[in-house]
Amino acid sequence: MDVQGGESKVGELRRISEEVEACSKCPLHLTRKRAVPGEGNPNAEVMLIGEAPGEVEDETGRPFVGAAGKLLNSLLQDIGVDRSSLYITNVVKCRPPNNRDPTDEEINACKPYLIRQIAVVRPRRIVTLGRHSTRVILGLGGLRVSEISRVRGRVFRVTIAGVEVEVYPTYHPAAALYNPSLKGVLKEDLARAIRAGGSGPASILDYLNGG
Ligand code: URA
Ligand code: SF4
């Protein structure tokens with residue numbers, strides 16, 4: 001990536017963040033303290049996409065900085081990955097009250113920001129954390145998902161905003177907080193996605209072509 005490209009990506013991401021911070025396209029703007037646009041490397045090969053900000057994210061304006069974020073950070077550290085090498089965001093940029101699930105209306109209102117972030121960063125791989133993120137991202141690629149357990153551990157090749165990406169669905173870190181037996185799988189899934197093209201045996205991957 002040349003310097004010119006890098007700089008314009010930074011500018012475009014900043015512009016998206018500013019729009020998110022001023023956004024009132026869905027009712028979540030009424031209850032948020034701060035919007036959480038996302039952060040990270042504008043040239044990231046891997047984008048992590050969560051569901052929605054929680055309490056600490058709402059207070060700080062940064063993604064994955066609460067309990068789930070601490071677990072995510074420690075798993076990344078375990079596999080030797082620098083968090084700042086990734087781009088990290090959420091499907092919905094403002095906190096749903098009491099951390100309830102985002103509604104379809106809220107997801108649809110917010111989706112254009114996510115699509116634009118993907119179009120700017122142009123990641124090679126996307127890790128979807130949890131069922132909402134998985135459903136939305138594979139949906140953008142024209143695939144319907146019934147259950148996360150049917151898709152986690154597989155790799156889906158889809159095109160989103162003209163960008164060809166491999167999607168690695170996995171569990172949400174919050175799920176692994178409540179069910180620590182999921183930590184190992186989550187860590188393996190993260191390692192496989194982030195190191196793909198490197199050492200992992202490609203033959204174990206189950207590639208499916210999306211729309
Ligand atoms: N959970 C998410 O899905 N995203 C965050 O940013 C924090 C917790
Ligand atoms: Fe806007 Fe998304 Fe926040 Fe809703 S959740 S107000 S669409 S930025």
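Starting from 1, each residue takes its place in the sequence as its number. Whatever order the structure lists them in is the order used to number ligands and atoms, beginning at 1. Keep in mind the model is a prediction, meaning the values are calculated, not measured.
Ion pairing between a basic and an acidic side chain is recognised when a charged N comes within 4.0 Å of a carboxylate O; Arg62 and Glu39 show such pairing. At a threshold of 4.0 Å, the pair Glu19-Arg15 counts as salt-bridged, since one of the basic side-chain nitrogens sits closer than that to a carboxylate oxygen. The pair Arg34-Glu59 does not meet the salt-bridge criterion, since no charged nitrogen lies less than 4.0 angstrom from a carboxylate oxygen.
The backbone and the side chain of Glu51 each have at least one atom closer than 4.0 Å to an atom of ligand 1 (non-hydrogen atoms only).
Annotation: Pro53 places no N or O atom under 3.5 Å from an N or O atom of ligand 1; distance criterion only.
The main-chain N or O of Val185 is never found under 3.5 Å from a side-chain atom of Arg152 such that the two would form a donor-acceptor pair. A distance-only check finds no donor-acceptor pair linking the side chain of Lys111 to the backbone of Val91 [under 3.5 Å]. Side chain of Asn90 to backbone of Glu51: a donor-acceptor contact under 3.5 angstrom is found.
Interface atoms of ligand 1 facing Gly50, defined by a heavy-atom separation under 4.0 Å, are 3 (O). Those atoms of ligand 1 with a heavy atom of His172 less than 4.0 angstrom away are 1 (N), 2 (C), 3 (O).
From the protein, the heavy atom lying nearest to atom 7 (C) of ligand 1 is Glu57 OE2, 3.1 Å. With respect to atom 4 (N) of ligand 1, the closest heavy atom belonging to the protein is Asn90 OD1, 2.7 Å.
Other residues, nucleotides and ligands contribute more than 12 heavy atoms inside 6.0 Å of the CG atom of Asp82.
A distance below 6.0 Å separates the ring centres of Phe64 and His172.
A continuous path of Ile, Leu, Val, Met, Phe, Trp and Tyr side chains, each step under 4.5 Å between heavy atoms, connects Val158 with Val120, placing both in one hydrophobic cluster.
Of all protein N/O/S atoms, those under 2.8 Å from atom 2 (Fe) of ligand 2 are Cys110 SG, and waters are not counted.
Nearest to atom 5 (C) of ligand 1 by heavy-atom distance, out of Ala52, Ser133, Gly66, Ala68, is Ala52.
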